[in-house]
Protein chains: 2
Amino acid sequence: MKLNLTMQRKAVLEVLQQSHDHPTAADVMDRLRAQGNAFAYGTVYNSLRYLTEAGLVKELKLGEVASRYDARMEDHHHVVCTRCGRVDEVAIELPAEWLGKAAQETNYELHHASVVLEGVCATCSVLNNPSK
Amino acid sequence: MKLNLTMQRKAVLEVLQQSHDHPTAADVMDRLRAQGNAFAYGTVYNSLRYLTEAGLVKELKLGEVASRYDARMEDHHHVVCTRCGRVDEVAIELPAEWLGKAAQETNYELHHASVVLEGVCATCSVLNNPSK
DNA sequence: TATCTCTTTAGAATCATTATAAATTTAGAA
DNA sequence: TTCTAAATTTATAATGATTCTAAAGAGATA
């Protein structure tokens, strides 16, 4: 399967590469519009799916209504701020030992692990309790 | 806030307590119907939200379209079989040390961690490769 | 009893996403 | 180059989960 990067797909990919806040499909749409690329909704979804399948982009399902997308392909996890909705990345990997125990307990052949942490980000924490 | 368990809410809770497969709202609806309780859709969603807020039930967002619900309140994680969609539980807790590192790296005040593992369950694994 | 609040109900509305069908573009063959 | 087949984009309709709304019902309290 050779890569077929149409201008639409390239534009979507570039938006993701230039974003560091894990935009949703609607966010991507807006950013494309802002730069003069008014593609059809379906095209944006199509492109996101294509890029995801091509392994150029990751789809993040963090328990919110909408999926988010990320062009950072190194494996990593995420933290969501329960106050402002901001999403940050967690670079630390799960201990292999822990995964091993999980595989053993469940009797699954594990392929992927995703951790979603919830908490309050530094900014919101300060806002709420300036004495910090 | 005192607990107000109407008959509808009680029925929804009981369905969840008797289910061990993490049913979706639609599943709950079906099971209620099957036992003669034909509540309105809105009521089931309302009850699920109420029970979740009351801490009697957990809402699971495992990256599928629909939320699943679980009356097991002990903290635990989940494995999803990518072949058949089956969801099982993982009782092992994340190492506190790992969480500590994550909190430090991200500068978040962490409140909750949820791990979703993906893999192939024992049944599907055998089906696909009977030599095992 | 009268009133107030909470709940249920049916159905409409919303939101993210997918499907459809026609129009357009692209790539490769002739 | 010209033709044709396959892939893609587009606009729009459809879907599926969930929430909202407004009216009706139930319960509790004064």
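In what follows, every chain begins at residue 1, and chains take the letters A, B, ... in the order their sequences are listed. The analysis underlying the following values was restricted to heavy atoms, covering all of them including side chains, and did not include hydrogens, waters or symmetry mates.
Distances from the side chain of A/A25 to the nucleotides D/dT18, C/dT17, D/dA11 place C/dT17 closest. The side chain of A/A66 approaches C/dA16 more closely than any other nucleotide in the set C/dA16, C/dT9, D/dA17. Of the listed nucleotides (C/dT18, D/dT18, D/dT9), D/dT9 has the atom at the smallest distance from the side chain of A/Q8.
Contact annotation: B/S67 does not reach the phosphate of D/dA17 (side-chain N/O to OP1 or OP2, under 4.0 Å). A sub-4.0 Å separation between OP1 or OP2 of D/dT19 and a side-chain N or O of B/Y45 is absent. For C/dT26, the OP1/OP2 oxygens have no side-chain nitrogen or oxygen of A/T6 closer than 4.0 Å.
More than 12 heavy atoms of other residues, nucleotides or ligands sit less than 6.0 Å from atom CD of B/Q35.
In summary, the side chains of B/S67 and B/E59 do present a donor paired with an acceptor at a separation below 3.5 Å, with no hydrogens or angles considered. Side chains of B/T24 and B/D27: a donor-acceptor N/O pair is present below 3.5 angstrom, by distance only.
Atom P of nucleotide C/dT17 and atom CG of A/L48 are separated by 9 Å, given to the nearest angstrom. Between the P atom of D/dT21 and the CG atom of B/N46 lies a distance of 13 Å, rounded to the nearest Å. As a whole-Å value, the separation of A/R49 CZ from C/dA19 P is 7 Å. The nearest whole Å value for the distance from the CD atom in B/E64 to the P atom in C/dT17 is 15 Å. In this structure, B/R68 places its CZ atom 14 Å from C1' of D/dA17, rounding to the nearest Å.
Two residues, A/N4 and B/T43, neighbour DNA chain C, and the one matched to the more 5' nucleotide by heavy-atom proximity is B/T43.
Note on A/D70 versus A/R68: no salt bridge recorded, every NZ/NE/NH1/NH2 to OD/OE distance being 4.0 Å or above.
Within the 4.0 angstrom heavy-atom criterion, no nucleotide atom of any strand lies near B/T24.
A distance of 9.5 Å separates CD of A/E105 from NZ of A/K101, quoted to the nearest 0.5 Å.
In this structure C/dA30 sits in a base pair with D/dT1, meeting the Watson-Crick or G-U test at under 3.5 Å.
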